Amino acid sequence: MTFRHRLDKLAAKAPMSASERPTEIFIVGICPETQEAVSAFGMYSRQSFERTSDETEVEFNERINRYGRAKDILPEKSH
């Protein structure tokens, strides 16, 4: 095994830096009456998002997805 090959194998195993990680956004607040998302939190960015009073759930999801990828819904919607 060449030195270059060994370095490449080690680099492939190295964890991603925080700046390279995709931001996963978790829905953390659900309105009890409408069962719609009202708040979210970015895992690596540590950014919180609040839905405005004039914003639909679709618009809210579009806005937070510009900053990362909506991953999981916590707590789960009860349908």
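Computed from a prediction, not measured in an experiment: that's the story for all the values here. The first residue in the sequence is number 1, and the count goes up from there.
With sequence neighbours excluded, the residues satisfying side chain to side chain contact (heavy atoms under 4.5 Å, CB included) with Thr52 are Asp54, Glu55. With sequence neighbours excluded, the residues satisfying ring pair (Phe, Tyr, Trp, His ring centres under 6.0 Å) with Phe49 are Tyr67. Remark: Glu50 engages no residue in a side chain to side chain donor-acceptor pair (under 3.5 Å) (not counting sequence neighbours). Ser48 pairs by the side chain to side chain contact (heavy atoms under 4.5 Å, CB included) definition with Phe41, not counting sequence neighbours.
For the residue pair Ile25 and Ile64, the shortest heavy atom distance occurs at CD1-O, 2.9 Å.
Judged purely by atom type and a 3.5 angstrom limit, Glu57 uses its side chain to pair as donor or acceptor with the backbone of Ala37.
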